Amino acid sequence: MTANNLALDEEELVLRDTVRAFLRDHAPVGTVRRLRDKPTGFDPKLWATMTELGWTTLPYSLEVGGMAAGATALGIVASELGRTLTMTPLLSQVMAITTLERLPTEHAQQLAAAAIAGDSMPVLVDNRCPLPGHTSPPSLTFERSCRGRLSGRQSLVLDGDVATHLLVVADNPDQVPCLMVVDPGAHGIDRRLGCLADGRRVASIEFDVDVAPDDVLATGDEALAASELGAIKTTAVAAAEMVGAASAALDLTVAHLKTREQFGVTLASFQALQHRAARMLGALELAYAASRACLRALDVGTDDGDLLVSVAMVEAKEALSLIAAEGVQMHGGLGMTDEADIGLYLKRARVARSLLGDLNYHCDRIATYNGV
Amino acid sequence: MQESRVEAFRKLVRRWLADHYPPELRDGPEQPPVWGGSRQRYPNPAARRWLEAMAEQGWTVPTWPVEYGGAGLSHTEAMAIRDELRVADMRPPLVMQNQSITMLGPILLEYGSEEQRRRFLPQIARGEVRWCQGYSEPEAGSDLANIQTRGIRKGDVYVTTGHKIWSSYAHLSDWMFALVRTEPEASKHGGISFLLIDLNDPGITVEPITLLSGESDFCEVFLDEVHVPVDQLVGEPGQGWAIAKRLLEHERAMLGSAGGALAGGGTRRKSLPDQAADLVGLTAGRLRDPIARYRLARHLADVTALKSLTRLASDEQRRDAHLASLLKLVSTEIHMDRQDLLADMAGLLSAARSGDAFGEEDLQRARDWLRSRANSIEGGTSEIQLNLIAKHGLGLYGDFA
């Protein structure tokens, strides 16, 4: 990474091309049709291979088995996964592992290392969706000061179905947030599984369990800072994934315009469609730039990272929504079917729109950042 | 270029600027931006000294060759100068985003003869001559190739007659570069030549056009048998259309990057969030109107993203044909959105035309909103830009365009 230069350097370009080629061969668009009705919503062998190749471990420190490669590199991988709509637990893992890595205790570091090695799959359960500033009341409460009983519920936790460890953030009676690790298989934990429109898996989880003091990994500011970092990194990566999907959806649509003929000419000949496609490209370029800027800011550590993450989310959600909707429309009858790939992008867009904070949420953050 | 070399250059620039920037520019009489030319006024004489000092360094046009008034620097080094000026809050000696420097200059460097370069470029570099553009005509706007202004070759002049419109600031300019039809036998596109015309020549009348906002940024230029010497033809007879298209690319890039600054509000006023707070009011640190708050945030997201795109394009040294059109389109729309936001927040107060009921700020806001409607029209309409983006960015074009 070339400090503060938004252009991808040689290494980053090679990473991008390598991941792209790999996914084209092993998980092209359409794979999701095969996976969406399977018990596990992703291909564990593919995920394991990606872990072996180091692509899932890029941003983490060397001490815990990562590659210390930064957010931009991970964003490149995420973008390629977005292009092919490949299903992986990447987002939940970035959230959990980044959080764990930030905690100084040996317990937390061990959990992080195990997850990075692919031996476990921790999932963060935190009602401050995902970034601080959210105002809805806590849905999880912790009975006594860092020991005792965890009760409450959290709905639609991404990859909550395959979690081997649940990292729960809950407030104790003094309103101090505590971050604790809970066994999802324990008695007193009830999971209802769900499959989202794009095939991703969630679980709504009810808690009524005892928690030992040793299982509390952090409290107060330490807990908040760690989960906040996890949330910011994940949001940035999610934006990159959305941009990748938008880019591929646009390619698909433009190809369709150039080949489909009606009235004796290709659809590309019609100015109305040319103009709409041009606007789609404009939205994509803005989203792409916003995503790259936010990832670089996180790598370099400038203090506008917080703002840029929300800007990237707004632009990425809008671009993906626009492109997917227009894409379906421009495919005509074909766009209404399950057979056409463009519909898969629409479903991804639907989920992306509401994931990790909607437009209102991120605009609220942007306004707050700007002092209004 | 290696980072350490750029850094060394940047330090050099910083030192030179600190040593030579006249302090009177900060606390002296108010000086409007310097566009150069014979009609330029300097209420603050330090501005003229500053221009001369920077011109002597070759830093008004840093990337031009030294023999034409530049400093022979790279694009990166030129950006370093620009950045250092900005960081030190120093005004550029000449408005950089202007026709002479960013449009005509590169054209003369690319297509002009050596004699033309030596004759015209140094005067631009020193801010002594101001140029305007003679392109559009009443019957030739988006369909620019439809120009009718004719230049009939007689000996060593083109006798030129016609009517140009939308020439920015022609009434403040010394010279005009113009598209003139000199080859009547050739095709519509093939008969156009690129001529350089002295606005002091007999037969020329310049009339400002009043816009919706009351301002007069554009002019009509009437040419009545003006004798334009043949050595003021740039390139070959009939090469005008190719040159014009090339120049328009530079214009788009200029408007795009100016629009980036414009979209961010320019340096003139309070920041948009501050204006919003003044107009709408805050409760517990938040704008009272939640819808205005959302719209403002949504707008700021676009402004930030546009800045990132401009920066990314520069870092990647992108030259793709559709990018200039995209930046022009997006920046103008963002700026118009900003004006819409302010209009809605200020309400009827900013729908002002005149009178004591309104403050100066209200009147200015009203003018700004009206003037901004032209942003999506001037410099190539948004519809034309969309055509170009579709064609060059996506390969979409055809019979029904």
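Here is the naming used below: chain letters follow the sequence lines, and residue numbers restart at 1 for every chain. Computed over heavy atoms, backbone and side chain alike; hydrogens, waters and symmetry mates excluded. Fair warning: this is a prediction, and the values are worked out from it, not measured in the lab.
Interface remark: A:Thr368 contributes backbone and side-chain atoms alike to the contact with chain B (heavy atom separation under 4.5 Å). With a 4.5 angstrom heavy-atom cutoff, A:Arg279 touches chain B via backbone and side-chain atoms both. A:Asp251 does not touch chain B: none of its heavy atoms, backbone or side chain, sits under 4.5 Å away. Heavy atoms closer than 4.5 Å to chain B are found in both the backbone and the side chain of A:Leu359. B:Leu394 touches chain A through backbone and side chain together, each having a heavy atom under 4.5 Å away. Within the 4.5 angstrom heavy-atom criterion, only side-chain atoms of A:Glu315, from C-beta onward, approach chain B.
B:Arg293 places a side-chain heavy atom less than 4.5 Å from the side chain of A:Asp364. Side-chain contact between B:Leu386 and A:Gln274 is absent, with no heavy atoms from C-beta onward closer than 4.5 Å. For the pair B:Leu396/A:Leu273, no side-chain contact is recorded, criterion being any heavy-atom separation below 4.5 Å from C-beta on. Contact check for A:Glu285 versus B:Val330: no side-chain heavy atoms found under the 4.5 Å cut-off. Contact of the A:Val314 side chain with the B:Arg298 side chain is registered, since non-hydrogen atoms from C-beta on lie closer than 4.5 Å.
The residue from A:Leu307, A:Ile366, A:Val311 that alone fulfils the side chain to side chain contact (heavy atoms under 4.5 Å, CB included) condition with B:Leu300 is A:Ile366.
Residue-environment remark: CD (A:Glu261) exceeds the threshold of 12 foreign heavy atoms within 6.0 Å.
Among A:Thr266, A:Val254, A:Leu281, the residue with the largest count of heavy-atom pairs under 4.5 Å with chain B is A:Leu281.
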Give the intermediate values and the outcome of side-chain contact (heavy atoms from CB on, under 4.5 Å) for residues A:Tyr288 and B:Leu312. CA-CA 10 Å; A:Tyr288 178 69; B:Leu312 175 65; 3.7 Å; yes
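Expressed to the nearest 0.5 Å, how far NZ of B:Lys307 lies from CG of A:Leu286 amounts to 13.0 Å.
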